[in-house]
There are 2 protein chains.
Amino acid sequence: MSSTRRAETFPANTPAASQIFTTVLSHGPLTRLEVARRAGLSPAAVTKAVRPLIEAGYLVEDADEPARPTLGRPANPVRVDGGRALFIGVKVTGDEIIGVLTDLCCRIRLARHAPLPDREPKQVLASVAELTGELLAEAADLGVPVLGLGIAVSGDVDRGAGVVRYSPFLEWRDVPLAELAAATTGLPVTVDNDVRALTVAEQWFGAGVGLSDFAVVTVGAGIGCGLVVHGRVVAGAQGVAGEIGHVTVDPAGPPCHCGNRGCVEAIAGDAAILRRIREATGVEVADTAAAVELARQGDTGAREAYARAGEAIGRGIATVANLLGPERVVISGEGLAAYDLFAEQIRDAFTAAAFGSAAQCDVQTRPLPFEEWARGAAATAIQSFIRADQQR
Amino acid sequence: MSSTRRAETFPANTPAASQIFTTVLSHGPLTRLEVARRAGLSPAAVTKAVRPLIEAGYLVEDADEPARPTLGRPANPVRVDGGRALFIGVKVTGDEIIGVLTDLCCRIRLARHAPLPDREPKQVLASVAELTGELLAEAADLGVPVLGLGIAVSGDVDRGAGVVRYSPFLEWRDVPLAELAAATTGLPVTVDNDVRALTVAEQWFGAGVGLSDFAVVTVGAGIGCGLVVHGRVVAGAQGVAGEIGHVTVDPAGPPCHCGNRGCVEAIAGDAAILRRIREATGVEVADTAAAVELARQGDTGAREAYARAGEAIGRGIATVANLLGPERVVISGEGLAAYDLFAEQIRDAFTAAAFGSAAQCDVQTRPLPFEEWARGAAATAIQSFIRADQQR
DNA sequence: GCCCTTATTTTCCGCCGTCAATAAAAGAAG
DNA sequence: CTTCTTTTATTGACGGCGGAAAATAAGGGC
C-alpha cells in the first residue's frame, strides 16, 4: 500500500523517437509516412520507433478512420492514446491555486481550485499537496497512472533546477519547489514560469502547433509574453524573458510599479485601467467587471481607458514582431473578456507600428478559461515526461 | 589553366565533426580533452573527428606552446590553421562596395573598396565581380585557395535561397544574388542581411563567443540589431528580425520614414541627429563629423541631440533585454565614433528601463572599422563552408 | 484471380560514438 | 637510471541508430 512505486519512464530514449512522438502528439493521427516526412526521417525509422511506443500503449493505431476511397494499401494512422496516462497541472496565484487533471494529450479531465490562505512556501506546498492528492484519488478511480506534476508560478523560475528564483507576487526567493513538491507528492515535478507554461501548451497543443517562431501575449492583471524562437521557448540568460509588460510605450505615460513610466502594463494592466477610469470619470469602479460594464454602457472615460490599453498592447505586440518576426502572435489572458473594447485599437496600433513584413504576422486571440494556466503547467509535465528537451 | 575547379568541400560530414571544428575555431587552441568537454563528446570521438581535419590541413597541432610545467603527459592542443583557406566578404552599401579577403579564422588579410556608380543589380554584380577578381588575384599570389564568397546587403534577405527579397536602400526586389554572383565568380556564394552577417562574426569570432543568447546593436545611419537566441541567429519567419530601429520609444517623438513617430532610428539615426541639431540651434551641420565636432565643442543643442539619441538607444536595448534576456548586448556601428557623447545616456536609459534581472545584461561597446561589415559577410561564407547550419 | 498502386515492414549494412583498455609522455621518487 | 605516477591521447571492439532497397501487405479495378 506504500506509494513508493517507481516512476514510469517513457520508452523513447533517442531524440528521434521523442521527436516522432511529439509530432504525432501535436499533429493528430498521422500515418507513418506522414510522420517520416514531417520528422525528416525514413519510413523505416518511423516503423521501428513507433513499435515500442505502441507496445507500451502510448500510441495506438487509429483503426476507426472513415475508410477513404484511396488507391493502394490503406494507410494506418497512429495517434497518441490520451487515456494512457494522466498528468496534474497546478497554477499558484496570489490567492488561490488551480489544479487540473489532464490526459497525455493535455485534455482537461477535471479541474479543482482551492483558496490559498497564506503565501508562505510551506502553506502553498501543503495546499498543492492536498489538491494533488484529491486529483490523484480521482485518477486512481479511473485506473490510470499519473506520471507527472507541473507547477506554474509567476516570476523568475529556473525550470532546470526546479527552483523559484524570485516571485514578487508570492514574495519567494530561491524556493526549491520541485524538490519539495516531489517529496510530498511522490510525483516527478516540473516547475516553470506561468507564462512560459502557457506557451508550451500553445506550442504543443494550441495555436503554436507547427510553428517554430511565435509569441503568446497574456492580458490581465499583468501583461506577459511567452516567446518561441527556433522552436524552443525562450527562457533568457537569467531565466527571465518576455517582459513585454515593461516595454515602454510612452515615456510620458503613467508611472509603473517597476519604477518607470508608460510601460504596457502601466497602461493596459487591470489596475491601470481602473485607475485611469477613476481619474477620467471620477467614478470609483470596484473591479474589472464593473469597468467593462461601464465601458460597454458607453461611458466615454471608460471607453477611452480601454482604447488606450488596446493601443499600448498593440504597440507592445508590434515591438515583439519587429524584433523577432514571429509567424503568429496569440493574445490570451483574462483581459480578453474586454476584448471587444480594445480589439480595434490593438489591431490599428499593431499595424501602424509593425515595420515592413513584420506586419504580416498573424495576430490571433484565444480565450483563456481559468483552468488554462493550470493546463499549461500540465503541458510542462508532459514535456518533461517525454523529455524532448532537445528540440520542439 | 581553366578555372573550372571543383569546389573544395569540408571533410566534416557529421554534425559532431563540424561542431568540434567550430569549437576549436571560436575557442582558440584547445586540447582534445577540452574540446570533448565543451562539445559534450567522449575524448575518443574527438580524436577520431580531429584526425581527418588535421590531414586535410584545417587543424594543426599547436606545438609551439610555451611548455607549461605540468604533471602527466603534456596536452597537445589543436587550432585552426587560418592560412589553410581564404574567404572573401563583400558589403554592398548605397554608394560603394567594400571587400575583404580573410583567412579561415576570419582575420582580415586585405581590404579594398570601390565606388558604386549605380544600384542596378547588373551594375552591382559587375562591381562585386571586379572587386572579387582583384582579391582572387591577390589570393592566387598567396597560393591559398579561396573557398567562398559572402555578400552582405541591408534589407530583407533569404539566406537559404540566396535571394535579396527586398532592399529599400538598393531598391531591389527578389534578386537571386547568390546564383548570379556564383555564376560570375565561380565561387560558392552566401548572401545574408548585413546586420545578421555582423552578428555571425561576433558569434563566432567576437564578443558573442561562447554565448547562446546575445544581441548586436549597430548605430549609424540606421539603427540595426542582430539577435542570437538558443545559439542561433534569429532570422524571423519572414526573413526580417531585429528591427530595433523601428521600436517606438516616444509616440510623441519626431516622425520616422517608416510612417511612425518616435522610432529609435527617428531619434538616434544620423539623419535624425543632424535634423535635431539644425532645429535646435539653427546651425546647418553638413554631416555627422561636423555634428560630433559641434557637440564636442560644447554646443548645447548638439549635446542635447546626442543625449536624446543615447536615451533612445538605451531604451531600445532595454526593450531587447526585457524581451529576450540576453547575456550580453554589443553596441557597434559607425555611430560609435560619437560614443563619448551619449554613453552615459545609453547606460542610464538602459538601467532605468531594464526590468528585474534583465538589468544584469552585460552591455559592451565594440568599435567597428569600416571593413567590419565585409568581415561579417566573410564570416557567413565561412559558416556556409563548414555548414554547421545545425547549431552554433 | 491478376495487376496496379500505395503503405508498411524486413533485412542488411554502414557509420558514429562510447567503453574499456592501452600507449604515450612527461615529472617525481627512489 | 629506473620505476612509478599522472595526465593525455589513441586504439579496437561493440552496440545502436538510421538509411536503402527489397519484400510484403492490403486494398481497388478489371
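Numbers restart at 1 for each chain; the letters A, B, ... are given by sequence-line order, proteins then strands.
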Toward the 5' end of DNA chain D, by each residue's nearest nucleotide, B:Arg37 or B:Arg51: B:Arg37
In whole Å, I'd like the distance from the [atom1] atom of [X] to the [atom2] atom of [N].
| X | N | atom1 | atom2 | answer |
| --- | --- | --- | --- | --- |
| A:Leu30 | C:dT8 | CG | P | 11 Å |
| A:Ile54 | C:dT8 | CD1 | C1' | 11 Å |
| B:Gln19 | C:dC16 | CD | P | 15 Å |
| A:Leu33 | D:dA26 | CG | C1' | 15 Å |

Closest to side chain of A:Leu71, choosing from C:dT5, C:dA7, D:dA9: C:dT5
List every contact pair, protein side and nucleotides 17-19 of chain C side both N or O, where the distance is under 3.5 Å.
from	atom 1	to	atom 2	distance (Å)
C:dT18	OP2	B:Ser42	N	3.1
C:dT18	OP2	B:Ser42	OG	2.4
C:dT18	O4	B:Lys48	NZ	2.6

Heavy-atom pair of closest approach, residues B:Pro11 and B:Pro52: CG-O, 4.4 Å
B:Val209 to B:Ser26 - nearest heavy-atom pair and separation: CG1-O, 3.6 Å
Side-chain H-bond candidate by donor/acceptor type, A:Ser384 with A:Arg159, under 3.5 Å: yes
Side chain to side chain, B:Val228 and B:Thr199, heavy atoms closer than 4.5 Å: yes
Ring geometry between B:Phe21 and B:Phe10 (parallel below 30°, tilted from 30 to 60°, perpendicular above 60°): perpendicular
From CA spacing to verdict: salt bridge (Lys or Arg N to Asp or Glu O under 4.0 Å), B:Arg84, B:Glu8: CA-CA 12 Å; B:Arg84 170 64 178 78; B:Glu8 180 175 338; 2.6 Å; yes
Heavy-atom donor-acceptor pair, B:Arg73 side-chain to D:dT8 base, under 3.5 Å: yes
Phosphate OP1/OP2 of D:dT10 contacted by B:Arg32 side-chain N/O (<4.0 Å): yes
